[in-house]
K.L.:
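Quick one: the structure is below, questions incoming.
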Amino acid sequence: MSKPDLKTALASIQKEESLDDNWLSRCHEAINQQALTTPWYVKAMLGFSAWLAMVFIIIFLFASRLIRSEEAAIIFGIILIPLACLIRNKSNHEFQKQMALAISMAGQTLLYLGILVATKNSRDSDGAMTAAVIAIIVSSVLIKIYPDKIHRFLSTVILITAMVVIETRLHQPILFNVLPMMIGALAIYLTTHEISLLQKSWSDIVRPVQYGLLFGLMLICLPSSSYLIREVILHSHYYLSTIGIGLALLYLEYHILKKMGYTLTEKTSLLITGSTIIFIIATLQAPGITASFLVILLGFSSGDKVLQGTGIAFMAWYISSYYYSMNISLLEKSISLVATGIILLLTRKLLRRLRASHA
Amino acid sequence: MSDHLPGDQKLLNTLFKNELLNVEQYLRCKKKIGLTPDLNDWRLFLDIFLLFLGTSLLALGIIFFFAYNWQDLHKFTKFALIGSGIFCSIMLTHLKGIDSLGGKAGLLIASILTGTLLAVYGQIYQTGADPYQLFLAWAAFITVWVWIARLQALWLILLLLYNLALIMYWSEFISTSMSGSFLFSSNPLLYRLSGFSSIELNELLVLCNGLALIIWEAALKKKRTGFSDRWGARVLATYIVIMATQTWLSMLFSYNTETEVGNVLAVITYIAVITTIILYYLSKVHDLYMLAISYFSITVSLCALVGKGINDVVAGFFVLSFIALGLSSAFAISLKKTAQAWRAEHEQA
C-alpha cells in the first residue's frame with residue numbers, strides 16, 4: 001500500500017490532534033518557501049564540474065609560474081582556503097558557490113601537496129604523515145564552517161583518506177582495522193541520534209557527513225577486495241576490520257529490534273543475531289561485504305534510497321571480486337558460498353515460520 | 001516503502017526547526033510518509049533481501065563447484081548441466097507465472113545461461129566462429145524471451161548483446177585499426193570494447209541506440225507492461241550521451257582521421273543528440289536527469305573545444321576554469337528553475 005505525501009500526512013496529524021487550520025497553513029507556507037532539494041545527480045554534476053575547474057586552476061597556477069616551489073604552493077593553499085570560505089559565506093549565488101568549491105579544493109590540494117614535498121626529504125618528519133595530520137585538522141574545521149553539502153561530503157572523504165594515510169604510515173595493522181569500526185559506529189550514531197542532533201541545529205551537517213563516512217567506509221574496504229593489494233601492499237589483518245564493522249552492525253540490529261519492540265531474548269532477535277554472526281564469520285576476510293550490509297541497513301532505516309542503492313552496488317562488487325580473487329581452491333569457495341547461501345535462506349524460512357506462529 | 005520525494009526529509013527538518021512540529025509529531029510524520037520503516041516494512045525488506053542474497057550465493061556456489069570439476073567433466077555432462085539450468089529456469093517461470101518476480105528472474109537466468117551454452121559449444125567443438133557471431137546468436141535466441149518477459153533489465157541485456165555484436169563485427173571486418181586502450185590490452189574483449197578511436201562506429205552505435213531509446217520512450221508513454229519506471233531509459237540515454245560526447249572528443253583531438261565525412265558527422269551527431277534530448281525532456285517528458293547529463297556533456301565538450309583552440313596555456317587554463325564554473329552554475333540554476341516550474345505545473349494539475 002502506498003504511503004501519503006507530506007501534506008497529506010500533516011493534514012492527518014492536524015485531524016488526529018485537532019490542531020487549528022492556522023497551523024496547517026503555516027506548515028504549507030514553510031514547505032512552499034523551501035527551495036527544491038537538489039537531486040543527487042545534479043549534485044554529482046556540480047561536484048565533477050568543480051573538480052574540473054580545480055584541475056584547471058592548479059594547472060594555471062603552475063603554468064603561470066606563480067607557484068615555483070613547495071613553499072609557494074603552501075602559501076597559495078593557505079590563502080585560497082579562507083578565500084573560498086569567505087566567498088561561500090558571503091554569497092549564495094550558484095556561480096560563487098561553484099567557484100568557492102573549486103578554489104577550496106584547489107587550495108587544499110596545493111597545501112597538502114606542498115607540505116608533502118616540503119617535508120619529504122626531512123629526516124625529522126614524515127611528509128605524508130604531516131600532510132595527513134594537517135588534512136584532518138583542515139577538513140574537520142571546514143566541515144563545521146563551510147556551509148555546503150558537496151564540500152562537507154568531500155571534506156569527510158578527505159578526512160578518512162588522511163586517517164588511512166596515518167595508519168598506513170604507523171605500520172600498525174591493528175589501527176588500520178579499527179578505523180572501519182569507528183566510521184561505522186559514527187555513522188550509526190548520526191542515524192540513531194537524529195533528533196538530538198536536529199535540536200542542536202546540526203541537521204545541515206549530519207546528512208553530508210553521514211554520506212561521506214559511509215562512502216569512505218566503502219572505499220577503505222576496497223583494498224580487501226583485491227588479492228593483489230591484500231598481499232603485496234598492505235599486509236593487513238582484514239578479519240579485524242570485519243569483526244569491528246560486524247560489532248557495529250550487531251549494535252544497529254539491536255537498536256532496530258528494540259525500536260520494533262523486540263527484546264534480546266526473543267526467538268526472532270536470537271535468530272537474526274545468530275545468523276548475522278555466522279554471516280560475519282563466513283565473510284571474515286571480506287570486510288567490504290559486512291560494510292555494504294551496514295550501509296544497506298542504514299539506508300533502509302532512514303528511508304534513503306541513494307544509500308540503499310550504493311550499498312547494494314558495493315555489495316555486488318565485493319562479493320564478486322572477493323570470491324574471484326580469493327587465494328583458495330574453487331571447491332573451498334564453492335563450499336563457503338553454498339553454506340552462506342543456505343544459512344541465509346534458512347534464516348528467512350525460520351523468520352517466516354516465527355511470524356506465522358505469532359499471527 | 002513509498003516513493004517519497006527526495007526533499008521530504010529536508011522539508012520535515014525545516015518544519016521541525018521552525019517549531020511547527022514537536023519531536024513526537026516529527027517522528028509520526030516521518031513514519032506516515034514512509035521515511036521510517038515500520039515492522040511490516042522491515043519484514044518485507046528482510047524477506048526480499050535474504051531471498052535475493054541467499055539465492056545469489058547459493059547459485060554462485062553451485063557455479064564454482066562445477067567450475068572446480070569442469071576439466072574432468074564429459075562434454076555431454078557439461079551441456080546437460082547448462083541445459084538443465086535453462087530448463088529449470090524456464091520451469092520456474094512457468095510455475096510462478098510470467099508476471100511474478102520469480103518468473104521474470106527465471107527468464108533472466110535462462111537468458112544468461114543461453115550465452116554460456118553457446119560459449120561452451122564453441123569451446124568444445126572449436127567452431128572457429130567469430131566473436132560477433134556468438135553475441136548475435138545469443139541475442140537472437142533470447143529475443144522472444146525478452147519480448148514476453150516484459151522486464152527492463154532484460155531489454156537492456158538484449159541491447160548490450162546487439163551492441164557487442166556490432167562492435168565485434170566492426171573491429172573484425174570494417175576497421176581493424178582501432179587502437180583501443182593500453183589499459184585493456186591484456187584482455188582481447190575489453191581491448192576491442194575500449195576502441196575509442198572509431199568515430200564511424202560510435203556514430204552508428206549512437207544512431208542504433210537512439211532508435212532504441214525512441215521505442216523505449218514510446219513504450220513508457222503507452223504504459224506497456226514492465227515499463228512503469230524510467231530507470232531503463234535513463235541508463236540507455238546515459239550510454240548514448242557518453243558515446244556522442246566521446247565521438248565529439250575523438251574528432252576534436254583527432255584520435256582518428258580516417259575520413260572527413262566521419263568528422264563532420266561526429267559534430268552533427270553530437271549536436272543532434274544533445275539538442276533532441278534537451279528539447280524532448282524539457283517539453284514532452286519531464287525528466288531532470290536527462291537534462292543534467294546533457295548539460296554536463298555540454299560543459300565537458302565546450303571546455304574541450306576551448307582547450308583545443310587556445311594557444312596561450314596560462315590564460316587558457318584560467319579561462320577554462322571560469323568556463324567550467326560558469327556553465328555548471330548556469331546549468332544548475334536552469335535545472336532548479338525547470339524543477340520549480342514543473343512542480344508548479346504539477347500542483348496546478
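Each chain gets a letter, A, B and so on, in the order its sequence line appears, and its residues count up from 1.
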K.L.:
Under the ring-ring contact (aromatic ring centres under 6.0 Å, His included) rule, collect the residues that match up with B:Phe322, sequence neighbours excluded.
P.N.:
B:Phe318
K.L.:
Okay, side chain of B:Ser334, backbone of B:Ala330: is any donor-acceptor separation there less than 3.5 Å?
P.N.:
no
K.L.:
Should the pair B:Phe49 and B:Phe45 be assigned to parallel (<30°), tilted (30 to 60°) or perpendicular (>60°) ring geometry?
P.N.:
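Geometry flag for B:Phe45 against B:Phe49: parallel rings.
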K.L.:
What residue, out of B:Phe331, B:Tyr295, B:Tyr289, B:Phe65, has the most heavy-atom pairs lying under 4.5 Å from chain A?
P.N.:
B:Tyr289
K.L.:
Taking B:Leu39, B:Ile323, B:Thr299, B:Asn40 one by one, which has the highest count of heavy-atom pairs under 4.5 Å against chain A?
P.N.:
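Going by pairs under 4.5 Å, I would pick B:Leu39.
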K.L.:
Below 4.5 Å from any heavy atom of chain B, which atoms of A:Lys97 appear? Answer side chain, backbone, both or neither.
P.N.:
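For A:Lys97, side-chain heavy atoms alone lie under 4.5 Å from chain B.
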K.L.:
Is A:Ile256 close to chain B through its backbone or its side chain, or both, or neither, when contacts mean heavy atoms under 4.5 Å?
P.N.:
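Looking at A:Ile256, just its side chain touches chain B.
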K.L.:
Heavy-atom distances under 4.5 Å only: say whether A:Arg65 touches chain B with side chain, backbone, both or neither.
P.N.:
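Interface part for A:Arg65: neither.
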K.L.:
With chain B, which of A:Ala63, A:Ala9, A:Ser301, A:Ala102 has the greatest number of heavy-atom pairs at distances under 4.5 Å?
P.N.:
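Of the candidates given, the most pairs with chain B belong to A:Ser301.
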K.L.:
Give a yes or no on whether the backbone of A:Arg88 and the side-chain of A:Ser91 come within a donor-acceptor separation of less than 3.5 Å.
P.N.:
no
K.L.:
Measuring heavy-atom distances to chain A, does B:Leu51 have an atom under 4.5 Å in its side chain, in its backbone, in both, or in neither?
P.N.:
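B:Leu51 touches chain A through backbone and side-chain heavy atoms alike.
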K.L.:
Heavy-atom distance under 4.5 Å to chain A: side chain of B:Phe16, backbone, both or neither?
P.N.:
side chain
K.L.:
Within the side chain of B:Gln152, is there an N or O that forms a donor-acceptor pair under 3.5 Å with the backbone of B:Gly232?
P.N.:
yes
K.L.:
Report yes or no: do A:Gln210 and A:Thr191 form a side-chain donor-acceptor pair below 3.5 Å?
P.N.:
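A:Gln210 vs A:Thr191: donor-acceptor pair found between side chains.
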K.L.:
Does one side chain, of A:Thr276 or A:Glu253, offer a donor that lies under 3.5 Å from an acceptor on the other?
P.N.:
yes
K.L.:
Keeping the roles fixed (side chain from B:Gln25, backbone from B:Asn22), state whether a donor-acceptor pair exists under 3.5 Å.
P.N.:
yes
K.L.:
Please classify the contact between B:Ser56 and chain A as side chain, backbone, both or neither, with a heavy-atom cut-off of under 4.5 Å.
P.N.:
neither
K.L.:
Out of B:Leu21, B:Leu320, B:Thr55, B:Val300, which one racks up the most heavy-atom pairs below 4.5 Å with chain A?
P.N.:
B:Leu320
K.L.:
Under 4.5 Å heavy-atom distance to chain B, tell me which part of A:Ile343 shows up: side chain, backbone, both or neither.
P.N.:
neither
K.L.:
Out of B:Ser321, B:Ala324, B:Ala292, which one racks up the most heavy-atom pairs below 4.5 Å with chain A?
P.N.:
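If we count pairs closer than 4.5 Å to chain A, B:Ser321 comes out on top.
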K.L.:
I'd like to know if the side chain of A:Ser104 and the backbone of A:Ala100 have a donor-acceptor N/O pair within less than 3.5 Å.
P.N.:
no
K.L.:
Pick one of side chain, backbone, both or neither for A:Met54, based on which atoms fall under 4.5 Å of a heavy atom in chain B.
P.N.:
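The answer is neither part of A:Met54.
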K.L.:
Does any backbone or side-chain atom of A:Leu46 lie under 4.5 Å from a heavy atom of chain B? Answer side chain, backbone, both or neither.
P.N.:
side chain
K.L.:
Please classify the contact between A:Leu101 and chain B as side chain, backbone, both or neither, with a heavy-atom cut-off of under 4.5 Å.
P.N.:
neither
K.L.:
Report which part of A:Ile13 has an atom under 4.5 Å of a heavy atom belonging to chain B: side chain, backbone, both, or neither.
P.N.:
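Backbone plus side chain of A:Ile13, per the 4.5 Å heavy-atom cut-off to chain B.
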K.L.:
Can we call the ring centroids of A:Phe48 and A:Trp51 under 6.0 Å apart?
P.N.:
no
K.L.:
Less than 4.5 Å to any heavy atom of chain A: does that hold for the side chain of B:Leu335, its backbone, both, or neither?
P.N.:
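Looking at B:Leu335, just its side chain touches chain A.
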K.L.:
Looking only at heavy atoms and a cut-off of under 4.5 Å, which of A:Ile342, A:Ile59, A:Leu52 has the most pairs with chain B?
P.N.:
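Between A:Ile342, A:Ile59, A:Leu52, the count favours A:Ile59.
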K.L.:
How far apart are the closest heavy atoms of B:Asp38 and A:Met260, and which atoms are they?
P.N.:
C-SD, 4.0 Å
K.L.:
At a heavy-atom separation under 4.5 Å, does A:Glu17 approach chain B through its side chain, its backbone, both, or neither?
P.N.:
side chain
K.L.:
If the condition is ring-ring contact (aromatic ring centres under 6.0 Å, His included), which residues does B:His286 pass it with, not counting sequence neighbours?
P.N.:
B:Trp342
K.L.:
What part of B:Leu27 gets closer than 4.5 Å to chain A, counting heavy atoms only: side chain, backbone, both or neither?
P.N.:
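Interface part for B:Leu27: side chain.
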K.L.:
Sub-3.5 Å donor-acceptor pair from the side chain of B:Ser297 to the main-chain atoms of B:Ile293, do we have one?
P.N.:
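Flag not set: sc B:Ser297 to bb B:Ile293 has no pair under 3.5 Å.
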K.L.:
Looking at chain A, which one of B:Ile62, B:Leu50, B:Leu46 has the largest number of heavy-atom pairs inside 4.5 Å, strictly under?
P.N.:
B:Leu50
